[in-house]
Amino acid sequence: MADEQRAVIELDHVQKAYGDFVAVHDANFSIGNGEFFAMLGPSGCGKTTTLKMIAGFEQPTAGRVLLDGVDVSSVPPYRRNVNTVFQQYALFPHMNVFDNVAFGPRSVKKMDEARIKKDVMEMLEVVRLDKFASRKPSQLSGGQQQRVALARALVNLPSALLLDEPLAALDLKLREAMQIELKRIQREVGISFVFVTHDQGEAITMSDRIAVMSEGVVEQIGTPTDIYRAPKSLFVAGFIGSANLLPAIVESSAAGVLHVRTTDGVGIRVPTSSTTFSIGQQVCVMLRPERLQPAQAVTEAGGGLEGTLTDLVYQGATARLLVRQGDGTELSALVDATTLPTWVQPGSKLSLVWAPDCPYVLAGWPDRAGATTTNVDHVEAAL
Ligand code: ATP
């Protein structure tokens, strides 16, 4: 097995219950050497609890946690070869940057001071703070303090670095700069990073793979592109990017193509390699907004839905179109603002059309039909 495929962290059917409440159900996945892995999901879905079980701050109520192939389920945090950076990264205020980073090597390993100096300065170079070694934390910006915290957690070269919403306290601009910086640092040190976030844009920008969690369950693990293009559940489809989700019934299925009819009576042709759909089944057709184009009439090639343009919102290079269908459900399209035809005007009747490979089908019906406006155009742009 190539080294980058070697599992550094393995969760073997891990469960965490607090009394009757199960916070994490049967988490069963591995994280590879040098991988940037995000755990993504809404508040309370069990991300931090999973991270704490990897770090050793929480014990699983079932299953095992393995680090570098060794079962560490009953090993305390300080004996595990992982470090954690929290949102509140609490540097020692009375120590300068150098001493903050040297604190771990000085207290844990009995290294000689020359070696410590070399390691600390190398790590300060990685986080680009070598010129700030003698400053106190109070003399640093928020982003610089964050980088000191990273250097402190990385200086011992742990097998993995665990990060719990580490950028949440930073303002938007700094957060975006730190996303790029974190990715660069991770590449440079080559250590696995496990990153907890509820911000899908952040997860998509930085991660090699993402585990999407909901209510204690890992719904899907995959690359950002896989998860975006082929979500396995309605929850994932709506949580990553924005999606038009149209309830429909399967009418026929043959040779990799499903014919479905929406509850609004429109027939849609959906290419699928899945053989799990049956005639009469309730399904949802997902149409990503950036795959839809306005047209004056539906073409034979792909498919289309007719409606009235209720809103046209310019967002710089792109424009968001909201189209209300006959049954009142709204569809959202994200189009190139520079090539928008003049007949696309609020109040006008138009069709939204798509290429044949655009529709994607999922089992079940959503709670609410139409567009799920998670309002994250940068997600589409990042993929
Ligand atoms: P957030 O993004 O808000 O931090 P999260 O996805 O990290 O959320 P967790 O902190 O893992 O969520 O919590 C998962 C669930 O477990 C929540 O419903 C939480 O209330 C519950 N929980 C966490 N710790 C405990 C505890 N010590 N006792 C009881 N319930 C807990």
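The first residue in the sequence is number 1, and the count goes up from there. Ligands are counted one by one from 1 in listed order, and the atoms in each one are counted from 1 as well.
More than 12 heavy atoms of other residues, nucleotides or ligands shown are found within 6.0 angstrom of NE2 on His25. In this structure, Arg115 places its CZ atom where only 12 or fewer heavy-atom neighbours from other residues, nucleotides or ligands lie under 6.0 Å away.
Annotation: atom 2 (O) of ligand 1 to nearest protein heavy atom, Lys47 NZ, 2.8 Å. Protein heavy atom nearest atom 7 (O) of ligand 1, with residue, atom name and distance: Thr48 OG1, 2.7 Å. Distance from atom 23 (C) of ligand 1 to its nearest protein heavy atom, with residue and atom name: Tyr18 CE1, 3.6 Å. Here the heavy atom of the protein found nearest to atom 17 (C) of ligand 1 is Gly44 O, 3.8 Å. Atom 11 (O) of ligand 1 has its closest protein heavy atom at Thr49 OG1, 2.5 Å. Nearest to atom 3 (O) of ligand 1 among the protein's heavy atoms is Ser43 OG, 2.6 Å. Protein heavy atom at the shortest distance from atom 21 (C) of ligand 1 is Phe21 CE2, 3.7 Å.
For the pair Arg152 and Phe103, the cation-pi test (distance below 6.0 Å, angle within 45°) is failed.
For the side chain to side chain donor-acceptor pair (under 3.5 Å) test, no residue two or more places apart in sequence or in another chain qualifies with Tyr78.
Ser192 places a side-chain N or O within 3.5 Å of a backbone atom of Gly34 that can act as its donor or acceptor partner.
Proximity annotation for atom 16 (O) of ligand 1: of Gly41, Ala23, Ala168, Ala23 comes nearest, heavy atoms only.
Protein heavy atoms all stay at least 4.0 Å away from atom 19 (C) of ligand 1.
Residue contacts with ligand 1 include Pro42, since one of its heavy atoms falls under 4.0 Å from the ligand.
Salt-bridge check for Lys47 with Asp164: failed, with every basic side-chain N at 4.0 Å or more from each acidic carboxylate O.
For residues 36-56, the pairs satisfying ring-ring contact (aromatic ring centres under 6.0 Å, His included) are Phe29-Phe37, Phe36-Phe193, Phe36-Phe195, with sequence neighbours left out.
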